[in-house]
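Note that ligands are numbered from 1 as they come in the structure, with each ligand's atoms numbered from 1 the same way. Atoms considered below: every heavy atom in the structure, side chains included; atoms not considered: hydrogens, waters and symmetry mates.
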Amino acid sequence: MIAEVIVDVPALGTDKVFDYVIPEKWLNIVEPGMRVAVPFGPRLIQGFVMEVKRESSLKKLKEIKELLDLTPVLNKELLGLGQWIANETLSFKISAFHAMLPAAMKAKYEKYIRRTKLETDPELESLFLSQEKIAWKEAENREILPKLREQVNLGNAEVIYDIKDRAKKKTMTFYTTYLREAELIAHKNEIRANATAQRKLIFFLMEHSGENFTTQQLIELSGTSSTAIQAFVKKGILQKSQDEIYRDPFAHKEFERTLPLTLTEEQQKAITPILSRIEADEYQTFLLYGVTGSGKTEIYLQSIQKVLEKGKEAIVLVPEISLTPQMVDRFKGRFGDDVAVLHSGLSLGEKYDEWRKIQRKEAKVVVGARSAIFAPLENIGIMIIDEEHETSYKQEEQPRYHARDVAIKRAENHQCPVILGSATPSLESFARAKKGVYHLLTLSKRMNEMALPSVSIVDMREEMRSGNRSMFSVELFEKLKDRLEKQEQTILFLNRRGHSSFLLCRDCGYVMQCPHCDISLTFHRFSNEMKCHYCGFTTGVPEKCPECTSQHIRYFGTGTQKVEEELNKVLPEARIIRMDVDTTSRKGAHEKLLDQFKSGRADILLGTQMIAKGLDFPNITLVGVLSADTMLNLPDFRAAEKTFQLLTQVSGRAGRHELTGEVVIQTYAPEHYSVQLAGQQNYDHFYQREMMLRKMGSYPPFYYLSLVTVSHEDLMKVISVTEKMAKFIRANLSEQAVILGPASSPIPRINDRYRYQCLIKYKHEPKLTQTLKRLVEHYQQQYNKEGLTISIDVNPYNMM
Ligand code: ADP
Ligand code: ZN
Ligand code: ZN
């Protein structure tokens, strides 16, 4: 029998199946979706079996060398989905398959040198000592690589590659006695009187025959010692066994079980069509549009419950930053151990364990960030995407898939509904709902009937003119003081995106730039360094301007640290918790800081995007946004949409409970419609306004986009290649398609490579995928040797 295998070489020439012979001993074992190790050129590499067949059109076939799985890791549906993704996103199949599996299952290759001549040979003995093979690393350390190369050339040794499966199962040793009481008594009588530990253990075992204990449990429960346990194993009183255990990151937690709430009339109306699709096993995408606090999550929970009653499974996607313990509690609280959680905070091993729990059908509800969309469930009854407008659902590396598209594809495969939920739906989704492609469900009221918080927009230019140079407007400062007195809590939000602290000379205007990228360096106060966020270049902070030697070189921009210092100065009595990348990098830090804030041990929570979502604390009555408009200036047609969404989200943090909330938005662009309408929490007006602009600019949702970016060290080459590409694309698409460029990318150079791009806008181009594929084939092969890279982003979210 022959296996068709996709090998782990992400390249154009290898993006197809290769045939391998299945050795006799694995004839009935090898199945599509299993990982195998196969010889490929001089190496042994990992691959995925796609198909098993009887014949191959090729003559000389190599054999599969190793079997890495005994059951498929990708089921039929996922194998098909991977191929679909590869095609839709113009990426390699192998990259798509890897994206669908936990990172721990990605192969790691280790290089060895193996002795092939086994007869006595003093030279070989001195090199290999008594081993059959030595690791490449070890050979490097012992500085014997040149000598080994001689031996390889002589044919006495060879270089081999071993694939290491990083997916290790965690096991634990358990001890049990299977002896009957009479036998135990006989043993007891043989134990010396002064062997206290052994005596304690035997008495304990007499009470607990047949039960499993770990070493630690035995010691704690009986007061024995580990030496005694080992002695009993030797005597055959205790049986040792290895059992697999899961690394459960939530094991330490007790979940309070919750019951379904009686739905309000509005909720009832929204959930009815969803339940009937579940009942009928039919696909349909729903857009659940409802402000924060309007009861969307309760609708998710009750829909899932219906799915579970039907014996089916559910996937819930939540943006990484809102995947807080609070969020997880709500699902675990309702469905207990049926819930598996997949997010990036887990270690490699923990992620792998959760994945296997799902694969073994021990979990029925999967809650997770983007990649949880690939959970290996086989009987899906609903797919839910919360905060569907979040751009983090788009993966920004190969394969550049959008989880929303994958969810809809899988829902079609399984014939089940999809719920997209948001208070500020993406323009694309809302437009589709208006056209009837999605079924629109609306929740217009907040659950507690609380009015939305009152918002005031402060013009920071006005503050400047009236002489206030502080980063807090008079209004925000007064309100901060007021909350301190009333012992209520405040969230201060700093929009970091599109904003960084850079170094500027006040005399000549010099801005310190990365020497390898066309972007200014960011000042890092913590390490007192200047860093490039694109290539990692780091340098010291100059004391004098490198251009004009002036001493008036300062950093500008506002980091969270700087805000904290300023707060300490103007409100010394305030207790502040700062949440940013620096303070939350350690595992569990995020949760700890939030707990601290929740329990009232701080007055002000200061942070970036990280705190914009999901927080639901009763005592927060003030939200301050320090710089609302930093994103507006980015060269991105979604800048206004992102600003509107973020400001609306942040404002929603205030006054979720009995106390009413207030929001202060500080901005340099108070007249901008995204700021104005976010202040009024008026999505519908924003939608109309923004749609008009999108239509005028031929942007989504009126047009689709594809972005082709070319990069190379030589600027002239980049320009000429991009020009040729633009011509080629133009020649192959219809008149309707608009091709912008070649133009320099918004960041024209990264890591010493110049970047040019073409933006394709189109409505209906059946030949587009094929054209882009041919383009890549043609140019990639031609320019591969010269180091040219071409990246294609279909439906891009990052325009930089
Ligand atoms: P959203 O997901 O839209 O932000 P939630 O589902 O979190 O809204 O609901 C907001 C609050 O209202 C939560 O505390 C939730 O427990 C409560 N809630 C939701 N539905 C009901 C209901 N039918 N009856 C009573 N309380 C509800
Ligand atoms: Zn200067
Ligand atoms: Zn750089």
Heavy-atom distances under 4.0 Å decide this one: backbone, side chain, both or neither, for [X] against ligand 1?
{"X": "T262", "result": "backbone"}
{"X": "L443", "result": "neither"}
{"X": "R330", "result": "side chain"}

To check your reading of the site, what angle at the Zn ion (ligand 2) do SG of C545 and SG of C548 form, to 10°? 110°

Salt bridge check, K332 against D337: does any charged N sit closer than 4.0 Å to a carboxylate O? no

Suppose we only count N/O/S atoms under 2.8 Å; would H516 qualify as near the Zn ion (ligand 3)? no

Run the contact test for G290 against ligand 1 with a 4.0 Å cut-off on heavy atoms, strictly below, and give the result. no

Could a heavy atom of I299 be found less than 4.0 Å from some atom of ligand 1? no

From CA spacing to verdict: salt bridge (Lys or Arg N to Asp or Glu O under 4.0 Å), E298, R334: CA-CA 10 Å; E298 189 60 33; R334 195 67 59 88; 3.1 Å; yes

Taking N or O atoms only and a 3.5 Å limit, does L261 qualify as a polar contact for ligand 1? no

Run the numbers for me: atoms of ligand 1, each under 4.0 Å from some heavy atom of V291, listed by number. 3 (O)

So if I count the atoms of ligand 1 from 1 in the order they appear, which ones are less than 4.0 Å from some heavy atom of E298? 6 (O), 19 (C), 20 (N)

Rounded distance (nearest 0.5 Å) linking atom OG1 of T648 with atom CD of Q681: 5.5 Å

What's the spacing between H389 NE2 and L646 CG if we round to 0.5 Å? 8.5 Å

Do L605 and M579 make a side-chain contact, defined as non-hydrogen atoms from C-beta onward lying under 4.5 Å apart? yes

Short question: side chain of E690, backbone of A640 - any donor-acceptor pair under 3.5 Å? no

Tell me if a side-chain donor or acceptor on R432 pairs with a main-chain N or O of V437 at a distance below 3.5 Å. no

Looking at non-hydrogen atoms alone, which of P260, G293, G421 comes nearest to atom 4 (O) of ligand 1? G293

Between S745 and Q757, is a side-chain hydrogen bond (donor to acceptor under 3.5 Å, both in side chains) present by the stated rule, with each step listed? CA-CA 6 Å; S745 296; Q757 63 185 33; 3.2 Å; yes

